[in-house]
Amino acid sequence: VAEKTSQVASLLAQLPQNFTRNELMAVRARNGQSTRVDMVISRWKANGFITQTARNTYTKTPKAFQ
């Protein structure tokens, strides 16, 4: 679980404060990960790391930096 948490933190750290779905897909592609991001986005929203600000646009919450 700690490894997964650090992967999430690393992925979040590579994104700007406000990011789009396409930016997340690009970061995952650079890291050699699948570009399917629906599960990642829904998990991050459920965990309170991000909030959706517009269609396909998100912003990190303070919880993302803990």
Who pairs with Pro16 by side-chain contact (heavy atoms from CB on, under 4.5 Å), at least two apart in sequence or on another chain?
Phe19, Glu23
Contacts of Arg28 meeting salt bridge (charged side-chain N to carboxylate O under 4.0 Å, His left out) (sequence neighbours excluded), chain-then-number -> none
Backbone N/O of Asp38 and side chain of Ser42: donor-acceptor pair under 3.5 Å:
yes
Residue pairs passing the salt bridge (charged side-chain N to carboxylate O under 4.0 Å, His left out) test where at least one lies in residues 48-66, sequence neighbours excluded:
none
So does Phe49 get a backbone contact from the side chain of Thr61, meaning a donor-acceptor N/O pair under 3.5 Å?
yes
Measure the spacing between CZ of Arg30 and OG1 of Thr35 and express it to the nearest 0.5 Å.
13.0 Å
Results of side-chain contact (heavy atoms from CB on, under 4.5 Å) for Lys45 - residues two or more places apart only:
Ile41, Ile50, Gln52, Tyr58
Test of understanding: with side-chain hydrogen bond (donor to acceptor under 3.5 Å, both in side chains), list the residues that count as partners of Thr59, not counting sequence neighbours.
Gln17, Asn18
Partner set under side-chain hydrogen bond (donor to acceptor under 3.5 Å, both in side chains) for Asn56, not counting sequence neighbours:
none
